[in-house]
Structure formats: structure tokens, C-alpha cells
Protein chains: 2
Amino acid sequence: MVERQTGVALWRQIADRMRLAINNGDFDETGMMPPETVLAARFGVNRHTVRSAMATLADEGIVRAMQGVGTRIERRDRLSFPISRRTRFSQGLGNQAHDIEGRMLEADTDVAPAVVAQALGLGAGTPCVRIETVNSADKRPISRATHYFPAERFAEMAEAYERTRSITAAFRELDVSDYVRRSTEISAIHAEGDDMRHLKLSPGAIILVATAINTDLTGIPIQYSRTRFAADRVKLTVEPENDGIGDPG
Amino acid sequence: MVERQTGVALWRQIADRMRLAINNGDFDETGMMPPETVLAARFGVNRHTVRSAMATLADEGIVRAMQGVGTRIERRDRLSFPISRRTRFSQGLGNQAHDIEGRMLEADTDVAPAVVAQALGLGAGTPCVRIETVNSADKRPISRATHYFPAERFAEMAEAYERTRSITAAFRELDVSDYVRRSTEISAIHAEGDDMRHLKLSPGAIILVATAINTDLTGIPIQYSRTRFAADRVKLTVEPENDGIGDPG
DNA sequence: CCCAAATGTCTATTATTCTAGACAACCGTA
DNA sequence: TACGGTTGTCTAGAATAATAGACATTTGGG
């Protein structure tokens, strides 16, 4: 049913579960949510509590309540984001969304944090270009990313990205015709602060964190990224290596 | 700082953030948490609220409060679980833990759910062996999994697993000397019900869900799994294909 | 031995969340 | 138009979470 005294309000637990059920396609036959009284009985809570939950789903644009009629499901999709040797953001989402857009929030050049320097095989204190982006699909924010590039080789990265709105295209302008993913680490945290705001999440929502290293075709690391995905809007799909690209190693 | 009126109790937000900070190695110099009064000031809450948060961390065995002294950090590690073409549970964790153990909770043979049948390329209504497992490392539960195997070919799977406590070894007993991963999908949900209990999580905690399909070396699907990882104990690492195994076509 | 600094425990109060019930407003349909 | 089923709104009270303050207990060190 629903768990009490756990530090998570009942309405939030219910909202999370209904969001999941909707994404799961559970109410597809009718396209409507069950009536509030039915949900209240099912979860063993008061109708008002269910209403709080539905209000947040309505706020997120997932359902729409219509007086006298019921509550209709407005959106149920969870985008599938492929992770492979040749992961690219917009290509990956392909035809799942029409309107795929990257926006740069911020960029600067500064000494790389220790983990980044190590991942990129740079000495401590080496400067890196840092770019903060938000990516949206069909006008909904999907992910937020922090990218690092060695400043010596990619001094113009921020400008190139601003111009092209694509990492792949920016690399191409800077004479990297192709690149591959060396590693991806995936973990999950609760949304907070900036990410929460930019991804339009409510606190308690889940963020999938993918930390990736890309290399050029000679195996030299050229990019370190930390991408935060709104977990209720995407799933990550780990693909086998069938991209038709010859092994560069 | 910390967000109010969000459906997530302050003590839980603080617990989540401290757990993350500890996993992050933030207090490694001293091995001690800051005093409760300091944390209370930092988060802008009452000391009692911080105490609630610390109590749950103590409960999880992450910290230990010592009167008159302070609160010591007991454990800070997050296991790294590799996902690749040759993902295997115990091998993957390798030397990160001493005591890696799989336990079978339940097994039966029944008609496969639609998604499973489709993933395994079986007709609707085909029977499958279902096995429920819990995996632990160093006596802490790490993941909970539901595995499906086509019943015709792997009728003895449950017995073989019970005997060997390993999927790989069980396959070997059933004449599958090797197998590879075809696909892995990763998403994240909030813990609830059975998973919460078996993984010893508190509600609101995050679960990483990895849905995988394995095939034998001729490409025939032999296993469908849905593994739920406690997100505060593991990260998933997506590996490049460097295992030295020839492409099976 | 005594003190400073920590955690442990208790009481009281306030704010927030959840429950309970009643009724209004609205929609589709008979 | 009347009615059943639904969402919307209001009031009141109970349960839970958070704050506030005081003081006890324990430890390590001067």
C-alpha cells in the first residue's frame, strides 16, 4: 500500500507511484485515471491526500483534471536514451521527439577539478573549458550536463558550441572529425538545487547521473561529462557495439 | 540549503545529502561527521532534526555516534558494478568486496509475462522458469533480481542455481558454456514493497533498475532479467567492449 | 580533577500534513 | 430536465514533523 512515518509525505509517494504507473502504460485502455475516491481507497488514504498527489502531476503536465468528467492522462512517454561507443545526444533521441534542443547556460575556463584532470589524463592544475548545458526534447527539459574539455586543445569550444548547439558539430569545427566513448558510469541521486530548477523537478524526484569520458580516435581523452537526466522522463539503454565503425585501437 | 514543503521531510533530505557526501569522501581527513550543532546551523534547521537524520544513517550502519566524542563514519564505499557484453554478477564486483553471495528467494515455472516473452522471442503463453534472487556483498544486500529463462530449454535452472548459487555456473551445468549481453536498459524508481524490505532500504530511497537480455553465442535469447540495485550502494559502470571475445555474429 | 565539547533525553510549543465530512459545481446521458 | 458520477472547495480536528530550550551523560585533555 503506502508507507507511513518514513519522511516522505503520503501524497508524494502516491504521486511518484502514479507517475510511474502512467509511464508504464497502466491506464492505456481508457486514457483516464481512476476516480479520486477509488484511488483513495486503493492506497488507504483520504481523498484529499490523493488530490494533493494529482495536483503535482497536473502541475507537471502529466494529467489534467476535468470537473464533472474525470482526470485524463496527457503524457505517458519516457524517452529512451542510448548509451554506446558512439553516444550522441540529439542523434540518440532520434525520432522519439521532434524538437531536440541544447542550450548553453554558462561557460568558463579554469583549473580542472582533480577527478576531471585524472579522468582526462591531465596533470593537476591543467586548465579546462567548462560548459554547462540543458537539453530539451519537445520543450521539456530532459537533462542537464557539465562538460570539461582540455583548454589547450579546445580553447574555442564554448564559442563553437554556442554557434552549433551540438558537441559533435563543435568538435568537428575544432578538427575532431569523430570520437568514441571510453566509459560511462551511472548512478542515481535525489534532485536538488540548480538541477531541480533547470529540469523543472520537484524535490524528492530522481536524477540519473551519467559520468562519461570521450576520446578521439587515437584514444586520447578529449571530454569529461557529467549529465543529469530527469529519471521520470528518460531511461538509459546500454547498446551493444553494432555501429559499423572500425575499431580504432 | 534545504527545501521545505516538498513532501520530503527535512530529516530525510539531510540524511540523503549526508549519505551522498560520505560516499563522496567529503569528510575523509578526519573520518568524523561535523558536530550536530554545526550541521544544524549549516542546514538551517534545529539540532533535533539533524539528529533524526543521523539516526537513520546510524541505522544503516553508515555512521556511529559516540557520546562525548562525536559521530564517526563507518563506511563510505559505493560499489562499482560493470555492465558490458560479458556482465556477470560476482566476477563484476571482483575484489571490491570479500563476501559476495547470491541467495534464491523463490522460483517457479509459469507462462511468461508479455514483455518477457517478446524480449526472449517466444510466443505468448510460452512457459518460463522464474527465479527471484538477492545478492549481497560483505553481508549487505546490494541488489534484488527477477530472472526468466525459457522453460523448455532450461527446465532445471532453479535447481542448478540453487546448487551453484551462480547464473553462470548454472548455465554451464545446462550446457551453455558462455553467453553475452544483448541489451541493458537502466532506469530509476523509488524503493517500495518487497524490494525495500529485502534491500533494507527506507522508503524514498532510490533503486536503479537494470533490465537485461542475455543470449547464447549463437544469438538466441536465453535470459531476461530485471535487477534492482540499491542506488546508495552501487554505481553502474558501462564498459567498452574489450573482453577479447570474438564477435559471434 | 575539572572543563570543554560532544551526544543523549526530556518537555513544551508551533507548523505542517493527513483525515473527516459536507456540499457545491460541473458534465454526460437517460 | 433530472440524475449519477465526478472534481472543486470549505471547515474542523487529529496526527506527525519541526522548533526551542534545558539539562544529563560521556569522553578526552589540560
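- Counting heavy atoms from C-beta outward, A:M18 and A:V50 have side chains that stay 4.5 Å or more apart.
- The side-chain heavy atoms of A:L236 and A:I186, taken from C-beta on, include a pair separated by under 4.5 Å.
- Using a 4.5 Å heavy-atom cutoff, the side chains of A:R130 and A:E132 are in contact.
- Under a 3.5 Å cut-off, the side chain of A:R228 and the backbone N or O of A:R226 do form a donor-acceptor pair.
- Between A:S225 and A:Q223, the side chains place a donor N or O and an acceptor N or O closer than 3.5 Å (distance only, hydrogens not considered).
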Checklist outcome for this item: Readout for nucleotides 3-14 of chain D: B = base within 4.0 Å of protein heavy atom, S = sugar-phosphate only, - = neither; 5' to 3' it is --BBBBBB----
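- With B:E185 contributing its side chain and A:V238 its backbone, the two residues share no donor-acceptor pair below 3.5 Å.
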Next on the checklist: Treating primed atoms plus P, OP1 and OP2 as sugar-phosphate and everything else as base, which nucleotides of nucleotides 13-18 of chain C get B, S or - for protein heavy atoms under 4.0 Å?
Outcome noted: ---SSS
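- Between B:F27 and B:M33, some side-chain heavy-atom pair lies under the 4.5 Å cut-off.
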